[in-house]
Structure formats: C-alpha cells, structure tokens
Amino acid sequence: NAGVTQTPKFQVLKTGQSMTLQCAQDMNHEYMSWYRQDPGMGLRLIHYSVGAGITDQGEVPNGYNVSRSTTEDFPLRLLSAAPSQTSVYFCASSYSITPPVENTQYFGPGTRLTVL
Amino acid sequence: AQSVTQLGSHVSVSEGALVLLRCNYSSSVPPYLFWYVQYPNQGLQLLLKYTTGATLVKGINGFEAEFKKSETSFHLTKPSAHMSDAAEYFCAVSGGGTSYGKLTFGQGTILTVHP
C-alpha cells in the first residue's frame with residue numbers, strides 16, 4: 001500500500017490564482033480530511049468527508065472547496081489564492097469514524113504552498 | 001467542544017535524560033487521545049493512542065503516555081532521550097459522537113536533544 005499520497009510537494013502561486021491539491025489513499029478508508037499547519041498553531045481542520053459524496057466544513061473552511069466523488073480521492077481546491085493561505089497542507093484518512101472501529105488517522109507527506 | 005493545550009512550545013534535554021512533554025485536554029465526552037511526531041519536512045506519524053482500557057499506553061520508539069482523567073492530562077514520556085528523538089510532537093484529541101473522526105491538535109512542542 002502507498003498509504004496517503006499528496007501532490008504536488010511544493011507550489012508557488014500568485015494572489016488570485018486557483019489550484020487543486022491532490023490527495024489519494026489506497027486503504028479503503030471512509031474518512032478523509034484536510035488540515036493546514038501554521039507555526040505555533042498546530043494543525044487545523046479545513047474540510048472533511050465521511051464517505052463518497054459527503055463532505056463538511058471543519059474549523060477553517062473559508063477560501064477552500066472540496067468534493068469526494070470516489071472513496072480514494074479527496075482534492076482540495078483554492079479558488080482565489082491569498083497570502084493568508086500560505087501554509088503546509090496535510091491530507092489524512094482513517095478507516096471509520098464510528099466507534100469502536102479504528103479511528104486512527106494516517107497522514108500524507110504534505111504540500112508546502114506559498115502565495116505571493 | 002474539545003481542545004488541547006501543550007505546555008511548552010520548546011523543550012530541550014540532554015541525550016540520555018528523561019523526556020517529558022505535557023498535554024492537557026478538554027472534552028465534553030470520553031476522549032480518544034493521540035500523540036503524533038513530525039520530523040523535519042515530513043508528515044505526521046502516530047506515536048501512540050489512548051482509546052479505552054489501560055491508562056498507561058506504550059508506543060513506538062520507547063515512548064509512553066498516561067491518561068489521567070482526574071487531571072485531564074495525557075503527558076508523553078521517554079526514560080532516555082536519543083538524538084533521533086529531535087522532532088516536533090503533537091497531542092490531539094477526538095471525542096465521541098459526531099466528534100469521533102475530528103482531531104483537534106495542540107500547538108506542538110519542539111524537542112531538541114543535546115549531545
């Protein structure tokens with residue numbers, strides 16, 4: 001298994017540009033999520049999905065869109081990039097969100113995004 | 001609502017010394033607690049987790065943590081630090097019900113290990 005994969009690893013955008021961060025997992029996990037990591041703030045949840053066709057907002061959703069058409073993929077879209085979106089983005093997945101089934105989240109390697 | 005506070009954004013120890021990273025949480029339901037480690041320019045790797053049962057949890061690389069409900073704490077320890085332990089450590093909590101799948105992270109603690 002490749003686990004959770006993310007592309008690209010690095011990206012530089014200009015303010016106002018759009019782009020999609022890709023995330024895929026091959027573990028047949030129900031739950032997928034996107035976090036952003038900023039210095040001194042830990043990781044904050046942007047959006048999450050409990051299965052194909054179902055998404056919801058996390059703590060910091062503004063400026064980001066998601067969709068989940070398949071179990072494997074969960075792309076994150078920036079519609080009009082802003083300097084405040086400069087961050088490291090992590091995708092994560094877990095088998096289930098229903099206790100007592102395993103809910104450990106497995107993280108991808110991250111995408112480092114800079115918005116100029 | 002749930003939250004996590006990690007006491008100390010930077011901790012420095014000598015090689016061979018005890019490592020103690022502090023984590024306090026708040027949760028309105030019985031929590032599930034996690035410690036993750038992040039090495040430079042890498043993703044997060046699970047060190048250990050507490051779900052139910054035994055309150056002393058052993059993880060990888062010689063780390064362990066004890067869940068203390070009365071103190072709402074889940075501190076991470078390692079008896080003897082190694083240079084390879086230098087990394088950033090995150091404590092995280094998830095709750096029951098609709099919060100089961102959502103992780104709330106602390107702000108992280110950077111561990112430095114001196115020779």
Side-chain angles (χ1 to χ4, degrees), chain A residues 2-7 9-10 21 23 25 29-51 54-61 68 74 87-112, chain B residues 1-11 21-25 27 29-53 57 59-60 65 87-110:
Chain A
V4 180
T5 58
Q6 293 183 238
T7 57
K9 290 186 177 180
F10 302 93
L21 308 185
C23 174
Q25 53 88 12
H29 284 176
E30 289 183 23
Y31 182 88
M32 297 185 73
S33 54
W34 277 100
Y35 295 86
R36 61 177 289 173
Q37 182 181 23
D38 301 292
M41 301 187 73
L43 280 78
R44 292 178 292 168
L45 182 64
I46 304 172
H47 284 287
Y48 66 97
S49 169
V50 300
I54 307 170
T55 64
D56 205 348
Q57 297 180 350
E59 180 184 356
V60 289
R68 187 144 177 224
F74 191 45
S87 188
V88 182
Y89 292 84
F90 289 99
C91 179
S93 72
S94 65
Y95 182 70
S96 175
I97 65 162
T98 306
V101 182
E102 175 59 49
N103 74 332
T104 298
Q105 292 194 29
Y106 297 89
F107 285 79
T111 294
R112 188 174 296 270
Chain B
Q2 54 199 34
S3 66
V4 175
T5 301
Q6 290 183 239
L7 302 176
S9 58
H10 290 82
V11 170
L21 304 182
R22 300 179 186 272
C23 172
N24 288 90
Y25 70 91
S27 176
V29 296
Y32 298 84
L33 294 159
F34 304 81
W35 275 100
Y36 283 86
V37 60
Q38 184 182 32
Y39 299 102
N41 299 314
Q42 295 188 23
L44 276 71
Q45 178 183 3
L46 181 69
L47 271 179
L48 49 80
K49 63 182 178 182
Y50 169 79
T51 53
T52 58
V57 181
I60 62 172
E88 189 164 15
Y89 293 79
F90 292 94
C91 182
V93 63
S94 71
T98 57
S99 297
Y100 184 67
K102 300 178 189 177
L103 282 178
T104 299
F105 284 86
Q107 78 277 21
T109 299
I110 296 173

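Being a predicted model, the structure only gives us computed values, none of them experimental. Protein chains get the first letters and strands the later ones, always in sequence-line order, with residue 1 at the start of each. Computation of the quantities below employed the complete heavy-atom set of this structure, encompassing side-chain atoms and omitting hydrogens, waters and symmetry-equivalent molecules.
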Q) Under the side chain to side chain contact (heavy atoms under 4.5 Å, CB included) criterion, do A:Leu43 and B:Leu44 qualify, and how do the steps go? A) CA-CA 10 Å; A:Leu43 280 78; B:Leu44 276 71; 4.1 Å; yes
Q) Which bit of A:Arg44 is near chain B, if near means a heavy-atom gap under 4.5 Å: side chain, backbone, both or neither? A)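 It is neither, since no heavy atom gets under 4.5 Å.
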**Q.** Segment of B:Gln45 engaging chain A (4.5 angstrom heavy-atom cut-off)
**A.**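 Contact with chain A involves no heavy atom of B:Gln45 at all.
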Q: Check each atom of B:Gln6 against the heavy atoms of chain A and say whether the ones under 4.5 Å are side chain, backbone, both or neither.
A: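 No part of B:Gln6 comes within 4.5 Å of chain A.
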Q. Any side-chain heavy-atom pair from B:Asn41 and A:Arg112 closer than 4.5 angstrom?
A.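 The answer is yes; the side chains approach within 4.5 Å.
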Q.
Set out, in order, the CA-CA distance, both residues' side-chain angles and the distance that settles side chain to side chain contact (heavy atoms under 4.5 Å, CB included) for A:Tyr31 and B:Lys102, then state yes or no.
A. CA-CA 10 Å; A:Tyr31 182 88; B:Lys102 300 178 189 177; 4.0 Å; yes
Q: Grab the two heavy atoms, one from A:Gln37 and one from B:Phe90, that are nearest each other, plus how far apart they are.
A: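 Scanning both residues, the minimum pair turns out to be NE2-CZ, 3.1 Å.
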Q) B:Tyr36 and A:Gln105: which non-hydrogen atoms are nearest, and at how many Å? A)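 What the structure gives for the nearest pair is OH-O, 2.7 Å.
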Q. Got a second to check how far A:Tyr106's OH is from B:Leu46's CG, nearest 0.5 Å?
A.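 These two atoms lie 7.0 Å from each other.
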